[in-house]
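Residue numbering restarts at 1 for every chain, and letters A, B, ... go by the order of the sequence lines.
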Number of protein chains: 2
Amino acid sequence: AKIPVKGVALDLNQSQLAILRVPDLPGVAASLLEQLASRGVCVDMIIQSQSEQNSNDIAFTVPSTDLHLAETVLQQAASKLGYRDVISDRAIAKVSIVGTGMIQHPGIAARMFNALAQANINIEMIATSEIKVSCVVRQDLAIEALRAIHAEFNLDGNDKISIGS
Amino acid sequence: AKIPVKGVALDLNQSQLAILRVPDLPGVAASLLEQLASRGVCVDMIIQSQSEQNSNDIAFTVPSTDLHLAETVLQQAASKLGYRDVISDRAIAKVSIVGTGMIQHPGIAARMFNALAQANINIEMIATSEIKVSCVVRQDLAIEALRAIHAEFNLDGNDKISIGS
Ligand SMILES: C[C@@H](O)[C@H](N)C(=O)O
Ligand SMILES: C[C@@H](O)[C@H](N)C(=O)O
């Protein structure tokens with residue numbers, strides 16, 4: 001079957017923020033995003049996985065230019081919303097494969113993750129939609145990650161590689 | 001500015017699986033997806049947020065028809081990959097807003113989350129891409145979630161609401 005992966009994208013302009021153990025109650029995520037929005041922070045990814053007991057972790061990526069502001073905003077909201085730790089990390093990159101109908105092919109994500117594993121690149125966060133699988137990796141491994149994934153899907157010159165945001 | 005949200009989608013056909021505390025090492029995510037792919041399980045969402053110490057949680061949604069098979073596959077891989085707990089949950093729904101350029105408008109995700117909060121609906125997982133924000137909520141609150149989000153963005157009859165997968 002024709003391979004559904006149309007291209008690989010690399011975003012080097014993002015930084016990561018994570019809040020550990022926010023109360024798992026209605027309204028918490030809304031407050032966090034409202035705080036960030038009110039200060040004009042453009043959030044790129046929002047990733048919240050399975051909760052444990054009564055709390056959950058929530059991670060964001062924001063343009064690196066907004067990291068300091070976003071960190072301040074989230075730290076200011078900590079006592080009101082009931083969390084403590086805000087972790088920030090500038091040294092990340094987001095590498096994605098894009099293509100329609102991709103996620104329905106069960107082996108596509110496995111091949112992307114395996115390409116990173118063979119290059120000994122740790123996957124720090126994952127988010128998917130029907131047309132995109134994104135992984136956050138160390139920024140200093142970004143080009144290697146891009147090359148490994150590009151080779152795995154035999155993307156030749158015609159296919160889109162976009163670097164930047 | 002013209003509102004970038006084009007529609008709301010509700011998927012009632014998914015079930016959730018989460019593995020808590022997988023080793024945060026290259027190759028683990030690849031093995032998990034390879035195991036699922038080799039058995040033909042179509043994974044819809046893959047959500048992995050910030051790691052803590054040397055481990056991380058990874059969650060999936062799969063068609064409810066595949067839940068039992070997926071659970072068996074992941075339990076079989078547990079001792080080899082070094083985790084213990086596989087949590088499954090059939091009673092979920094995925095509600096999403098779709099539209100181009102949405103995530104760049106910082107207030108859009110906040111409005112979606114706030115619509116759910118006002119309806120006292122807890123957000124269990126979150127995944128975003130540039131054109132889609134998806135939330136996992138309790139299945140019995142799915143229609144209420146859809147209605148709350150639809151009302152928030154004033155989507156009239158012309159806008160797309162898709163229910164199903
Ligand atoms: C947890 C899992 O994603 C691991 N970090 C990997 O790269 O496979
Ligand atoms: C953790 C956070 O997402 C919470 N569950 C909420 O609904 O806002």
Can you tell me which portion of B:Ile87 sits under 4.5 Å from chain A's heavy atoms? Options are side chain, backbone, both or neither. side chain
Under a 3.5 Å cutoff, is there a donor and acceptor pairing between the side chains of A:Gln16 and B:Gln50? yes
So do the side chains of B:Ile47 and A:Met125 get within less than 4.5 Å of each other, counting heavy atoms only? no
Output the option from B:Pro26, B:Ala29, B:Ala117, B:Ala37 having the highest count of non-hydrogen pairs under 4.5 Å with chain A. B:Pro26
Check the pair B:Ile131 / A:Lys132 against side-chain contact (heavy atoms from CB on, under 4.5 Å), numbers first and verdict last. CA-CA 10 Å; B:Ile131 62 165; A:Lys132 190 168 188 173; over 6 Å; no
B:Ser49, B:Ala127, B:Ala110: which one forms the most heavy-atom pairs within less than 4.5 Å of chain A? B:Ser49
Full working for side-chain contact (heavy atoms from CB on, under 4.5 Å) between A:Ile108 and B:Leu33: CA-CA 9 Å; A:Ile108 298 288; B:Leu33 270 297; over 6 Å; no
Start with the C-alpha gap between A:Arg21 and B:Glu52, add the side-chain angles, then the distance that decides, and say whether side-chain contact (heavy atoms from CB on, under 4.5 Å) holds. CA-CA 11 Å; A:Arg21 286 177 291 287; B:Glu52 262 190 87; 2.8 Å; yes
Report which part of B:Gln118 has an atom under 4.5 Å of a heavy atom belonging to chain A: side chain, backbone, both, or neither. neither
How close do B:Ala109 and A:Ile46 get, counting heavy atoms only, and between which atoms? CB-CD1, 3.8 Å
Shorter than 4.5 Å, heavy atoms on both sides: which option in B:Glu124, B:Arg39, B:Arg111 has the most such pairs with chain A? B:Glu124
Above 12 or not: heavy atoms from other molecules or residues under 6.0 Å from CZ of A:Arg90? yes
Residues of residues 56-77 of chain B with any heavy atom under 4.5 Å of a heavy atom in chain A: B:Asn56, B:Asp57, B:Ile58, B:Ala59
Examine whether an atom of B:Glu34 lies under 4.5 Å from a heavy atom of chain A, and if so say whether it belongs to the side chain, the backbone or both; otherwise answer neither. both
Determine whether A:Leu12 and A:Ile97 fall in the same hydrophobic cluster, where Ile, Leu, Val, Met, Phe, Trp and Tyr are linked whenever their side-chain heavy atoms lie under 4.5 Å apart. yes
Under 4.5 Å to a heavy atom of chain B? For A:Ile19 that would be neither
Sub-4.5 Å side-chain heavy-atom contact between B:Thr128 and A:Val43: no
Quick one: of A:Asn122, A:Ile123, A:Val41, A:Val28, who has the most non-hydrogen atom pairs under 4.5 Å with chain B? A:Asn122
Do you reckon A:Leu116 sits in the same ILVMFWY cluster as B:Leu81, going by side-chain contacts under 4.5 Å, direct or chained? yes
Give a yes or no on this: more than 12 heavy atoms of other residues, nucleotides or ligands lie within 6.0 Å of atom CG of B:Asn54. no
Hydrophobic clustering (ILVMFWY, side-chain heavy atoms < 4.5 Å, transitive) - are A:Leu20 and A:Val136 grouped together? no
